[in-house]
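Reminder, nothing fancy here: chain letters follow the sequence lines and each chain counts from 1.
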Number of protein chains: 2
Amino acid sequence: MNTRFDRLALLETFVRIAERGSLSEAARDLGTSQPSISRQLAALETRLDVVLARRTTHDVTLTPDGLALLEDARRMLGEWEAIEERHSEDDALKGVIRVIAPVALGQSLFVRAASQFMKDHPSVTIDWRLRDDAIRFAEEGCDCWLKIGAVPDDTLVVRELARVERLVVGTPECLAAHATQPLKDLPWLTLGPFEGNRIELSNSGGSAQVFSVTPKMASDNIFAIYEACLEGVGVAILPRWFIADDLVQGILIDAEPDLRAARLPVNLALAPGTKRPARVERFCEAIQVWCRDQLGSSA
Amino acid sequence: MNTRFDRLALLETFVRIAERGSLSEAARDLGTSQPSISRQLAALETRLDVVLARRTTHDVTLTPDGLALLEDARRMLGEWEAIEERHSEDDALKGVIRVIAPVALGQSLFVRAASQFMKDHPSVTIDWRLRDDAIRFAEEGCDCWLKIGAVPDDTLVVRELARVERLVVGTPECLAAHATQPLKDLPWLTLGPFEGNRIELSNSGGSAQVFSVTPKMASDNIFAIYEACLEGVGVAILPRWFIADDLVQGILIDAEPDLRAARLPVNLALAPGTKRPARVERFCEAIQVWCRDQLGSSA
DNA sequence: GTGTGTTCATACGCTAGGCGTATAGCAGTC
DNA sequence: GACTGCTATACGCCTAGCGTATGAACACAC
């Protein structure tokens, strides 16, 4: 089988097929004909001697082998791109960067960093998806993953961006109303994924106190907790970046200046590999710098 | 410039050109015509918009850009190979593995491991080059580099294979003749790259003694030192694997059973990257296992 | 200098591999 | 059952890359 296809082009169409779930749509995307796509997929399968996708008349689903190839194909295409753009004299970044970020950070703080990046690089497009749950990175086709807490995938390269400070806050009224009560009896507003019903605070000396609470309200959404807190319903553990303005304005008060919840690490995860497209590399750098400046090492 | 070249094929011929230093020879290697090679190189240069090689009528030398590409090209071709062979049902390894090993280890101990590997995988060829000096890994085109001591290139992936035990040995006669002398006054045979004129020995408790000597003989070749030692000229610090048989036969004697020179780490260095051809991956595993078994963690 | 041998680059058909168009077959939807 | 949208296959076309042949440049020998 002496085929003269460009192997990287085959990978390109394969990735496109995987992303669109259809040969026809891939063909439209790539500005070619559907039979061409069909032939290319067949050629790739012949070449690798493996079935990459199950075709029915109405959809295309990758086989496990196809899924495995998808990851490698994306990486190799990225590497080729890095090679091609290394010597392109216009150093203007371009293309799309796919980012997955946690909901809370992604819709407020981080999106400002991303916006700045887009301003700095007008030809760059960002696909900004907000998700808090663990993702199947390899299948998503995303370039970088911002994650609060540990990254549950040890095949990825992880860079720590910051460790965010979290403090106990409440409205002045709320705090005054419960001033005489011990900590554990406050009306706690707890954020599901982090606290559950167990609160752990420690002072700068490192000595910790741990106690269980029956939350006034529990939620998996930080904005809900925040709003309830503003309403004076109770006290909550919130990251400093989230309530910095309110602290300045006195709307919320640091209830226990000596006590802090454990810092939450914010990580940046990338697919492993030696070379990445410049736009991805630069975006990651920008995010890192931005975190250092905005969140600080003590943010 | 709508070219239909297979980009990976372009990289392949480019690497071949770099290795052979000639378009014509590359053409012969690849079983094609010289004009074809010429066109491919030109196409790659056009595509990347960079001059990769200076051609004179009698030789081809890579530009710095070409040298940079060479590294990436080798990596990408390796990755493609890994993809292709992942699903090849015959799990027989094949192809050539290029290894650079230290002279002493490479011509005796390690070559046995390599031999075993070739026996286990008949279709594998090994290009076994022995060099003690630091190499420009990226330019050499080698797959793995066995190195005594630290690997002076932090772009490489390093795996420690063993830490070899080194002891003071001499012939029984030689040791008897100098039995009354303090260590530092023995007729030392020193191995240049490691000892110089400064001997450092420590006991199992960790306390060390250091002294300078004026060597009876100094050399950068372990076999020379070894032969002189066998001749009874003096005492030498030699690795256990090197003189294990002689110790058993009583030809050489462990002069200071309580004292040992610092263990020398033996490392395996690889080009970074996520996927390597199976033969390389398996060879490295084999070497690691072999080292564990033959040299042991206390070898 | 001249000759010889080697190198790389270019010119010129040729050929075959990949393209698009057209069509067939199939599955789900209305 | 007609319709729609999908993938696979057949068929001719077209061109990109091939090999052959040739030319220019350089190295070395004499």
Side-chain angles (χ1 to χ4, degrees), chain A residues 1-63 65-67 69-70 73 84, chain B residues 1-63 65-67 69-70 73 84:
Chain A
M1 170 59 85
N2 192 17
T3 173
R4 221 152 49 185
F5 279 104
D6 176 357
R7 282 168 278 176
L8 288 179
L10 294 186
L11 293 184
E12 244 167 312
T13 76
F14 172 69
V15 169
R16 206 47 155 267
I17 291 169
E19 284 174 354
R20 310 288 296 180
S22 151
L23 303 205
S24 303
E25 290 192 42
R28 281 191 282 274
D29 273 20
L30 297 171
T32 183
S33 67
Q34 169 268 318
S36 176
I37 299 293
S38 180
R39 276 192 296 264
Q40 291 187 33
L41 179 55
L44 188 57
E45 289 182 319
T46 303
R47 173 124 204 182
L48 301 182
D49 195 28
V50 68
V51 176
L52 296 171
R54 296 279 168 213
R55 287 82 123 181
T56 72
T57 52
H58 248 75
D59 69 335
V60 174
T61 57
L62 295 192
T63 62
D65 289 332
L67 229 46
L69 178 65
L70 184 57
E84 266 203 330
Chain B
M1 170 59 86
N2 192 19
T3 172
R4 220 150 51 185
F5 280 104
D6 176 357
R7 283 168 277 176
L8 289 178
L10 293 186
L11 293 183
E12 245 168 312
T13 77
F14 171 69
V15 170
R16 205 48 154 270
I17 292 169
E19 286 174 354
R20 309 289 293 180
S22 151
L23 305 204
S24 304
E25 290 192 42
R28 282 190 282 274
D29 273 20
L30 297 172
T32 182
S33 67
Q34 170 267 318
S36 176
I37 298 293
S38 179
R39 275 192 297 264
Q40 291 186 32
L41 178 56
L44 188 57
E45 289 181 319
T46 304
R47 174 124 204 183
L48 301 183
D49 194 28
V50 67
V51 176
L52 296 170
R54 296 280 168 211
R55 287 82 122 181
T56 73
T57 51
H58 247 73
D59 69 336
V60 174
T61 57
L62 296 192
T63 62
D65 289 331
L67 229 44
L69 178 65
L70 184 56
E84 265 202 331

Considering only heavy atoms from C-beta outward, does the side chain of [X] approach that of [Y] to under 4.5 Å?
X     : Y     : answer
A/L70 : A/L62 : yes
A/L44 : A/Q40 : no
A/L30 : A/I37 : yes

[X] has an atom [atom1]; how far is it from atom [atom2] of [N], in whole Å?
X     : N      : atom1 : atom2 : result
A/L30 : C/dG20 : CG    : P     : 11 Å
B/I37 : D/dG17 : CD1   : C1'   : 12 Å
B/N2  : C/dG20 : CG    : P     : 11 Å
B/L44 : D/dG17 : CG    : P     : 13 Å
A/D6  : D/dA16 : CG    : C1'   : 13 Å
B/D59 : C/dT7  : CG    : C1'   : 9 Å
A/R47 : C/dG18 : CZ    : P     : 11 Å
A/Q40 : D/dT9  : CD    : C1'   : 16 Å

Problem - Touch class at under 4.0 angstrom, heavy-atom based, for A/S24 against every strand present - result: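 Result for A/S24 = base.
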Exercise for the section: Report which part of the nucleic acid B/R28 touches: base, sugar-phosphate, or nothing (heavy-atom distance under 4.0 Å, all strands). Expected result: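 Contact class for B/R28: sugar-phosphate only.
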Is [X] near enough to [N] that one of its side-chain N or O atoms lies under 4.0 angstrom from OP1 or OP2?
X     : N      : result
A/R55 : D/dC6  : no
A/S36 : C/dC19 : yes
A/T56 : D/dC6  : no
B/T57 : C/dT7  : no
A/Q34 : C/dG20 : no
A/S22 : D/dT7  : yes
A/T32 : C/dG20 : yes

Handout entry: salt_bridge(A/R54, A/E45) N-O dist < 4.0 Å
Key =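 Salt bridge flag = no for A/E45 with A/R54.
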Practice task
Using the closest heavy atom to pick a nucleotide of DNA chain C for each, name whichever of A/H58 or B/G21 lands nearer the 5' end.
Solution key: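 Mapping each residue to its closest nucleotide by heavy atoms, the 5'-most match is B/G21.
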Problem - Polar pair under 3.5 Å, donor/acceptor by atom type, side chain B/R39, base D/dG19 - result: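 For B/R39, whose side chain was compared with the base of D/dG19, there is a donor-acceptor pair (under 3.5 Å).
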Handout entry: Residues that B/E84 engages under side chain to side chain contact (heavy atoms under 4.5 Å, CB included), provided they are two or more places apart
Key =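 Partners of B/E84 under the side chain to side chain contact (heavy atoms under 4.5 Å, CB included) test: A/R47, A/L48, B/W80.
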Side-chain polar contacts of residues 5-12 of chain A - donor-acceptor pairs under 3.5 angstrom, sequence neighbours left out - could you list them?
| residue | atom | partner | partner atom | Å |
| --- | --- | --- | --- | --- |
| A/D6 | OD1 | A/L8 | N | 2.9 |
| A/D6 | OD1 | B/R7 | N | 3.1 |
| A/D6 | OD2 | B/R7 | NE | 2.5 |
| A/D6 | OD2 | B/R7 | NH2 | 3.1 |
| A/R7 | NE | B/D6 | OD2 | 2.5 |
| A/R7 | NH2 | B/D6 | OD2 | 3.1 |
| A/R7 | NH2 | B/E12 | OE1 | 2.9 |
| A/E12 | OE1 | B/R7 | NH2 | 2.9 |

Practice task
Between A/S38 and A/R4, name the one whose nearest nucleotide on DNA chain D is closer to the 5' end.
Solution key: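 It is A/S38 whose nearest nucleotide is closer to the 5' end.
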Practice task
Compare the minimum distances between each of C/dG20, C/dC19, D/dA16 and the side chain of A/S33, then state the nucleotide with the smallest one.
Solution key: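 The listed nucleotide nearest to A/S33's side chain is C/dG20.
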